[in-house]
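Working notes, beginning with the structure itself.
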There are 2 protein chains.
Amino acid sequence: MNPLFHALLQKSRYITNCLNETLKQHNLYSSQWTILFCLHVHGPMTLTQIWKYLNVEAPSITRAVARLETLGWVQRVDGPDKREKIVTLSAMAKEKLPAIEKTILAFEEEMIGSMTIEEQQQFMNLLQKMKG
Amino acid sequence: MNPLFHALLQKSRYITNCLNETLKQHNLYSSQWTILFCLHVHGPMTLTQIWKYLNVEAPSITRAVARLETLGWVQRVDGPDKREKIVTLSAMAKEKLPAIEKTILAFEEEMIGSMTIEEQQQFMNLLQKMKG
DNA sequence: CTAATTTATTTACCTAGCTAAATAAATTAT
DNA sequence: ATAATTTATTTAGCTAGGTAAATAAATTAG
């Protein structure tokens, strides 16, 4: 395998693992965090809006949101279109989000702090040169 | 979440999905291919050598190699140290590997063909600037 | 030489993605 | 207005990673 792919996939796995480690203190997994963050930024969303935004398949989001609901982070309510479920952050989530965001910012700083803004931009540009 | 992480994780998932799609014609999954490739390059290896090389945890390799054995791609034999199992490619695997490698090379060319060698090198350098 | 420790693998179980197919509500075509 | 199609979500089951703990063989300490 091309070393570029190997390196990219490894780093991706490494980042996810580190992120999970960091989020342990808040009793969250990385995929749960991405959904909470999504709702934090966009406000209430349907499941479809979430999975289209995060670019994953619907069943992954169904499962993760169901888990977040049993843990008390979100509520699911029927929308005016009764096919869709609207997901909103719970009071508990809104209360805890600022502290979690702080943790995440520190994590990101530690992870890519040694790259300049130009290098980060360059990295994104090169990523986009790959197919897809 | 920092867009750099988002982009990197997305691309990583996209590559894996494309690779799986490409490997369907050989009835293989990407993780199975990485193990076969590993054995192709290094010759017979113990499970520990494989998971240390691929930088994943042991149980993932135990499972994947067991599956590869039932599918006839590899054999597991006891080593002189009876704790370890040595994994070798089957005759079927050796016969089929060249065609699979060809498929993979075409896939990689399609995936990163629009990047120059310098850009690829630069990308790797930037990846390594991230922590880990 | 026996006891304690280390090492290699496995088992059980978790998150996290995927596809395919089922269900139910809404929309479109006739 | 009914039938056919589309859309939103869910269910079932797969690969693929992770951790924690069990087992068995090898090694080290006493």
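Chain A is the first sequence line, chain B the second, and so forth, proteins listed ahead of strands; every chain is numbered from 1. Computation of the quantities below employed the complete heavy-atom set of this structure, encompassing side-chain atoms and omitting hydrogens, waters and symmetry-equivalent molecules. Keep in mind the model is a prediction, meaning the values are calculated, not measured.
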Checklist line | Rounded distance (Å) that lies between atom P of C/dT7 and atom CD of B/Q49 | finding: 15 Å
Notebook entry, point to check: Do side-chain atoms of A/R67 reach the backbone of A/T62 as a donor and acceptor pair under 3.5 angstrom?
Noted result: no
Next item on the list: Answer yes or no: does a side-chain N or O of A/S30 lie under 4.0 Å from OP1 or OP2 of C/dA16?
Entry: yes
Check: If each of A/I86 and A/E21 is mapped to the nucleotide of DNA chain D with the nearest heavy atom, which maps nearer the 5' terminus, i.e. the 5' end?
Finding: A/I86
Note to self: I need the CZ-C1' distance between A/R63 and D/dC14, as an integer number of Å.
What the structure shows: 11 Å
Item checked: Gap between atoms CG and P, on B/N55 and D/dA16 respectively (whole Å) -> 17 Å
Notebook entry, point to check: Pick the nucleotide of DNA chain C nearest each of B/N17 and A/R67; which residue has the one closer to the 5' end?
Noted result: A/R67
Note to self: Nearest to the side chain of A/Y29, heavy atoms from C-beta on, is which of D/dG18, C/dT15, D/dT9?
What the structure shows: C/dT15
Next item on the list: Could you work out which one of D/dA16, D/dT7, C/dT15 sits closest to the side chain of A/R83?
Entry: D/dT7
Check: Looking at D/dT9, C/dC18, D/dG18, which one has an atom nearest to any side-chain atom of B/R13?
Finding: C/dC18
Checklist line | Value in whole Å for how far the P atom of C/dA8 lies from CD of B/E57 | finding: 14 Å
Check: Mapping A/A64 and B/D81 to their closest nucleotides on DNA chain C, which lands nearer the 5' end?
Finding: B/D81
Next item on the list: Determine yes or no for a side-chain-to-main-chain donor-acceptor pair under 3.5 angstrom, with A/E84 supplying the side chain and A/L47 the backbone.
Entry: no
Check: Which nucleotide sits closest to the side chain of B/R76: C/dT10, D/dG18, D/dA16?
Finding: C/dT10
Item checked: Side-chain donor/acceptor of A/Q49 to backbone N/O of A/T46, under 3.5 Å -> yes
Item checked: Nearest atoms (heavy-atom pairs only) where A/M1 meets B/T34 -> CE-CG2, 4.2 Å
Next item on the list: Using atom types as modelled and distance alone, determine if a side-chain donor or acceptor of A/H40 lies under 3.5 Å from a backbone N or O of A/L36.
Entry: no
Next item on the list: Rounded off to whole Å, could you give me the CH2-to-P distance for the A/W51 and D/dT10 pair?
Entry: 13 Å
Check: Nearest of D/dG17, D/dA12, D/dA8 to any side-chain atom of A/P59?
Finding: D/dA12
Check: Under 4.0 angstrom, heavy atoms only, what part of the nucleic acid is B/T46 near: base, sugar-phosphate, or nothing?
Finding: sugar-phosphate
Check: Separation of A/D78 atom CG from D/dT9 atom C1', in whole Å?
Finding: 11 Å
Item checked: Rounded interatomic separation in angstrom, taking CD1 from A/I15 and P from C/dG17 -> 15 Å
Item checked: Phosphate-side-chain proximity, B/T62 and C/dT9, N/O vs OP1/OP2 below 4.0 Å -> no
Margin query: Donor-acceptor check, side chain of A/S60 to backbone of A/V56, threshold 3.5 angstrom: yes or no?
Written below: no
Checklist line | Atom pair distance, as rounded to whole Å: CD1 in B/I35 and P in D/dA16 | finding: 8 Å
Next item on the list: Report the nucleotide, chosen from D/dT15, C/dT10, C/dA25, that has the shortest atom-to-atom distance to any side-chain atom of A/K82.
Entry: C/dA25
Note to self: Taking only side-chain N and O atoms of B/T48, does any of them lie within less than 4.0 angstrom of OP1 or OP2 on C/dT7?
What the structure shows: no
Check: Hey, which of these two, A/E84 or B/P80, hits DNA chain D nearer its 5' end, going by closest nucleotide?
Finding: A/E84
Check: Does D/dA16 have OP1 or OP2 sitting under 4.0 Å from an N or O in the side chain of B/S31?
Finding: yes
Note to self: OP1 or OP2 of D/dG18 versus the side-chain N and O atoms of B/S60: is any pair under 4.0 Å?
What the structure shows: yes
